[in-house]
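Start at 1 and go down the list; that is how both ligands and their atoms are numbered.
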Amino acid sequence: MQIVLAPMEGVVDHLMREMLTQIGGYDLCVTEFIRIVDQRLPARVFHRICPELQQGGKTLAGTPVRVQLLGQEPHWLAENAVRAVELGSPGVDLNFGCPAKAVNKSRGGAVLLKQTEQLYQIVKAVRDAVPVEYPVSAKIRLGYDDTSLTLANAEAICAAGASSLAVHARTKSDGYRPPAYWPWIAKIKQHVDIPLIANGEIWSAADAALCQQQSHCQDIMLGRGALAMPNLAQTIKQQQAVMPWPQVLQLLMHYSEFEITGDKGKYYANRVKQWFSYLKLQYPQAACLFKQLRLLTKSTDILTLLTYTLQQQKTSA
Ligand SMILES: Cc1cc2nc3c(=O)[nH]c(=O)nc-3n(C[C@H](O)[C@H](O)[C@H](O)COP(=O)(O)O)c2cc1C
């Protein structure tokens with residue numbers, strides 16, 4: 001089975017990809033989306049979103065990182081897809097699932113799920129432009145408001161030559177509300193002959209097994225669950241135990257070392273708090289510690305609190 005780390009704009013950036021792929025279990029990462037409107041973007045935009053391009057399109061742990069594009073113009077998406085692979089991306093992923101209002105208003109993301117023909121034209125243009133040895137994948141939701149076009153959309157993407165299709169098994173209107181409708185992926189599978197990747201609501205190894213069973217899909221993509229449990233992929237692949245809380249604390253401290261290369265002064269403080277919002281879902285200790293951490297704005301203060309908490313854990317163990 002293959003496990004893909006889901007693209008998560010504003011959450012899973014190159015530093016998070018570095019941390020999570022070092023822990024292991026991921027076969028592929030997809031970057032946050034790059035918005036394409038009506039021009040060929042300069043290399044620096046690709047390098048900002050995907051610094052891994054400068055190290056062979058892989059994280060330091062060796063996991064390939066594929067650039068994701070979001071837009072509505074086949075021609076400009078194709079131009080930028082070519083640029084992405086020229087810069088070293090091992091393929092290109094196309095985002096047809098983003099629910100953000102601003103993005104949908106300008107006809108990008110999930111709103112394209114209402115326009116099957118446009119989906120086809122986009123995938124075809126990108127596939128025709130990108131050298132055949134590079135995969136062109138797509139990521140969809142089940143639909144915009146409903147599932148009336150789910151199968152037609154998947155068929156169009158497949159007919160246009162996509163190499164694989166990740167399916168977030170909810171409509172745009174479903175937002176992120178559980179459940180994810182995994183059996184829908186099994187239905188799609190009967191209509192397309194490209195590899196599918198099942199995505200949505202996988203928080204544990206048991207969820208992964210149930211998802212595989214209901215979606216008839218071996219390959220899965222992990223989003224929020226990967227942040228809630230940093231070794232989720234390894235609990236699925238290697239039957240590892242859930243990472244113990246003291247080890248998570250160490251990981252959070254290790255994350256602070258990345259600040260030097262981060263692009264904003266408040267990077268660590270902001271990102272670590274955001275990470276806590278996911279960790280709280282898995283670790284009761286995180287909810288408790290977050291109450292103290294919430295008010296801290298300096299990395300050094302956060303680090304002191306984490307060090308103190310870890311020492312206390314060790315003493316009481
Ligand atoms: C904060 C956030 C940012 C996201 N950004 C992207 C993105 O840039 N591109 C994309 O295709 N999906 C994006 N997604 C959707 C995820 O890739 C994934 O499909 C979704 O979270 C469902 O998987 P999960 O239940 O495992 O989290 C985002 C989701 C979240 C919560």
Side-chain angles (χ1 to χ4, degrees), residues 3-14 16-17 20 25-26 28-36 45-46 48-50 65-71 77 91-104 108-113 119 122-123 136-143 157 162 164-182 184-185 196-208 210-212 214-215 217 219-230 232-233 235-236 270-271 273-282:
I3 302 188
V4 183
L5 179 61
M8 286 178 72
E9 206 262 326
V11 181
V12 179
D13 62 0
H14 68 286
M16 188 57 83
R17 290 194 287 273
L20 294 177
Y26 292 101
L28 177 70
C29 300
V30 178
T31 67
E32 316 94 291
F33 66 79
I34 299 180
R35 180 90 178 91
I36 306 299
V45 176
F46 291 86
R48 179 163 47 79
I49 298 291
C50 187
V65 183
R66 193 177 290 172
V67 166
Q68 186 185 65
L69 304 180
L70 180 152
L77 283 161
V92 179
D93 187 65
L94 296 167
N95 177 324
F96 300 127
C98 181
K101 267 200 190 112
V103 167
N104 284 189
V111 78
L112 287 165
L113 299 171
L119 286 183
I122 291 173
V123 177
V136 171
S137 52
K139 181 161 176 284
I140 58 169
R141 284 180 176 247
L142 293 181
I157 289 168
S164 65
L165 177 63
V167 183
H168 176 187
R170 275 184 278 241
T171 64
K172 184 260 173 194
S173 301
D174 292 330
Y176 291 95
R177 270 188 318 277
Y181 300 94
W182 299 324
W184 254 106
I185 303 174
L196 297 183
I197 297 134
N199 170 237
E201 292 300 316
I202 300 175
W203 299 95
S204 64
D207 288 343
L210 194 61
C211 171
Q212 284 180 313
Q214 293 190 0
S215 65
C217 217
D219 300 338
I220 58 173
M221 175 183 271
L222 306 177
R224 294 160 303 159
L227 294 153
M229 192 197 295
L232 177 59
T235 68
I236 296 168
N270 290 339
R271 291 288 174 131
K273 285 180 197 172
Q274 189 180 51
W275 198 355
F276 260 82
S277 66
Y278 293 100
L279 290 168
K280 280 196 288 187
L281 304 171
Q282 173 67 35

Nearest non-hydrogen contact with [atom] belongs to which option: [options]?
| atom | options | answer |
| --- | --- | --- |
| atom 27 (O) of ligand 1 | Arg35, Glu9, Arg224 | Arg224 |
| atom 23 (O) of ligand 1 | Asn199, Asp207, Asp93 | Asn199 |
| atom 2 (C) of ligand 1 | Lys139, Met8, Arg141, Gln274 | Met8 |

Below 4.0 Å from any atom of ligand 1, is there a heavy atom belonging to [X]?
| X | value |
| --- | --- |
| Trp203 | no |
| Arg170 | yes |
| Gly97 | no |

[X] neighbourhood, listing ligand 1 atoms whose heavy-atom distance to it stays under 4.0 Å:
| X | value |
| --- | --- |
| Val11 | 1 (C) |
| Gly200 | 23 (O), 25 (O) |
| Gln68 | 7 (C), 8 (O), 9 (N), 10 (C), 11 (O) |
| Glu201 | 24 (P), 25 (O), 26 (O) |
| Ala6 | 17 (O) |

Inset, instruction - Classify the contact between His168 and ligand 1 as side chain, backbone, both or neither, using a heavy-atom distance cut-off of under 4.0 Å. - result: side chain

Legend entry - 4.5 Å side-chain heavy-atom contact, His168 and Ile140: no

Inset, instruction - Would you check whether Met221 has a nitrogen or oxygen atom less than 3.5 angstrom from a nitrogen or oxygen atom of ligand 1? - result: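 Such a contact does not occur with ligand 1.
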
Legend entry - Test of proximity, Thr31 against ligand 1: N or O pairs below 3.5 Å: no

Legend entry - All salt bridge (charged side-chain N to carboxylate O under 4.0 Å, His left out) counterparts of Arg66, not counting sequence neighbours: none

Anything under 3.5 Å between a donor and an acceptor, one on a side chain of residues 219-230, the other on a protein residue two or more places apart or in another chain? List them.
unit_1, atom_1, unit_2, atom_2, d
Asp219, OD1, Gln2, N, 2.9
Arg224, NH2, Glu201, OE2, 2.8

Inset, instruction - Check Asn199 against Lys139 and note the closest heavy-atom contact, atom names and distance. - result: OD1-CE, 4.0 Å

